[in-house]
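Shown next, in structure tokens, is the structure this report addresses.
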Amino acid sequence: MDRIAIQGIAGCYHETAARRYFTDREIEVLPCSSFERLFERLAEDPALLGIAAIENTIAGSLLPNHELLQRSHARIVGEQKIRISHVIAALPGERLESIREVHSHPIALMQCGEFLKSRPDMKVVERDDTAGSAREIARERLAGTAAICGADAARMYGLEILQRGIETNRHNFTRFLLLADESRAAEFSDPRRTNKASLVFTLRHTQGSLSKVLTVLSFYDINLTKIQSLPIIGREWEYRFYVDVTFDDPVRYRQAIDAARPLTSEFRILGEYAECGSPEI
């Protein structure tokens, strides 16, 4: 049985992503209080796997996680995309009309802004975690209090779902990365399915340096699906670029990597894996 470190507690969206990825095997999830702690645990135990959110279609990229990944020895060996659909849940017997406080993570609250605007009588309270809000209400038996969380968390902590699908935008997806130590990466490699790679590189502060790299990728028919830049602390006007690419021909992909590498000052392949299609709305 594989052990997988997740950020959050049982019932959170990270656990949902992990279980959807591993539909063919039993897993044990190990909750971590933060993404920093998740990467620490991966470093401490090479046998451990991890799953970490990297971007959301509404909130954008999780920039700190890019840096944590870049500094770690973990490899990206897969990805999972899930639709984030929020529910409002409370103790059994509660009704929407009886709710006076709503607890959740700030991003989840933001994503349900229109629903909350229609309920001005509900006081919004920010918490560290969606599933943690559900657990707190269940443990403390907080009457008149509801959590905005996932349906899995509501069920796990015995709350009654008062309304489903309260997110403002139904096109709300989060992409998660499956992480493994370099010593285990080969277990998840399938060259027949590998068609995506995550790269990180830095560039010299010269005119046209980025366009030269992108031109190389284009020449070899490599599809750029994401580019994210972050400043390098202590090096003025220098940036680190995180790039996701997809490809149909692994030979041309390798040729593109060989051609692009000399144009950079630092270059690293964070992972090569199979692209995950977007789930249905």
For the backbone of [Y] and the side chain of [X], can you confirm whether one donor and one acceptor N or O come within less than 3.5 Å of each other?
| X | Y | result |
| --- | --- | --- |
| Thr206 | Ser209 | no |
| Arg155 | Gly150 | no |
| Arg240 | Val200 | no |
| Gln80 | Cys276 | no |
| His73 | Ala43 | no |
| Ser218 | Leu214 | no |
| Asn172 | Ile58 | no |

Is [X] atom [atom1] crowded by more than 12 heavy atoms from other residues, nucleotides or ligands, each under 6.0 Å away?
| X | atom1 | answer |
| --- | --- | --- |
| Glu26 | CD | no |
| Asn169 | CG | yes |
| Asp190 | CG | yes |
| Arg164 | CZ | no |
| Gln207 | CD | no |
| Arg193 | CZ | no |

State yes or no: do [X] and [Y] share one hydrophobic cluster built from I, L, V, M, F, W and Y residues joined by side-chain heavy-atom distances below 4.5 Å, directly or via other members?
| X | Y | answer |
| --- | --- | --- |
| Phe201 | Val245 | yes |
| Ile269 | Ile54 | no |
| Ile166 | Leu91 | no |
| Leu210 | Ile232 | no |
| Tyr239 | Leu203 | yes |

Salt-bridged, [X] to [Y], with N to O below 4.0 Å?
| X | Y | answer |
| --- | --- | --- |
| Arg83 | Glu167 | yes |
| Glu44 | Arg41 | no |
| Glu79 | Lys226 | no |
| Glu55 | Arg175 | yes |
| Arg19 | Asp152 | no |

ILVMFWY clustering at 4.5 Å (side-chain atoms), partners of Leu49: Ile4, Ile6, Tyr13, Tyr21, Phe22, Ile27, Val29, Ile51, Val77, Ile82, Ile84, Phe176, Leu178, Phe188
Worked verdict on Glu94 versus Ile137 for side-chain contact (heavy atoms from CB on, under 4.5 Å): CA-CA 12 Å; Glu94 294 275 13; Ile137 290 170; over 6 Å; no
Work out which heavy atom in [X] is nearest to a heavy atom in [Y]; give both atom names and the distance.
| X | Y | answer |
| --- | --- | --- |
| Gly11 | Ala131 | C-CB, 3.9 Å |
| Ala53 | Asn65 | O-ND2, 2.7 Å |
| Glu272 | Ala197 | CG-CB, 4.0 Å |
| Thr130 | Ser104 | CG2-OG, 3.5 Å |
| Ala256 | Val216 | O-CG1, 3.7 Å |
| Cys12 | Gln7 | SG-O, 3.5 Å |

Can [X] and [Y] be counted as having a side-chain donor-acceptor contact under 3.5 angstrom?
| X | Y | answer |
| --- | --- | --- |
| Thr174 | Asn56 | yes |
| Ser61 | Gln228 | yes |
| Thr225 | Asp244 | no |
| Ser265 | Thr202 | yes |

Nearest-0.5 Å distance, [atom1] of residue [X] to [atom2] of residue [Y]:
| X | Y | atom1 | atom2 | answer |
| --- | --- | --- | --- | --- |
| Leu69 | Leu270 | CG | CG | 5.0 Å |
| Gln111 | Ser85 | CD | OG | 10.5 Å |
| Cys112 | Arg119 | SG | CZ | 13.5 Å |
| His105 | Arg127 | NE2 | CZ | 12.5 Å |
| Gln163 | His86 | CD | NE2 | 13.5 Å |
| Glu275 | Phe247 | CD | CZ | 10.0 Å |

Pair Ile99-Thr145, side-chain contact (heavy atoms from CB on, under 4.5 Å): steps then yes or no: CA-CA 5 Å; Ile99 301 302; Thr145 306; over 6 Å; no
Ring geometry between Tyr242 and His66 (parallel below 30°, tilted from 30 to 60°, perpendicular above 60°): perpendicular
Is [Y] close to [X] at the side-chain level, that is, under 4.5 Å between some pair of heavy atoms?
| X | Y | answer |
| --- | --- | --- |
| Asp221 | Asp249 | no |
| Val243 | Ser198 | no |
| Leu38 | Leu68 | no |
| Ile9 | Met156 | no |
| Phe241 | Thr264 | no |
| Lys81 | Phe173 | no |
| Met110 | Thr168 | no |
| Asp121 | Arg100 | yes |

Residue pair Asp2, Arg184: steps toward the side-chain contact (heavy atoms from CB on, under 4.5 Å) verdict: CA-CA 12 Å; Asp2 277 312; Arg184 293 200 61 186; 2.9 Å; yes
Worked check of side-chain contact (heavy atoms from CB on, under 4.5 Å) between Ile222 and Ile257: CA-CA 10 Å; Ile222 306 302; Ile257 294 299; over 6 Å; no
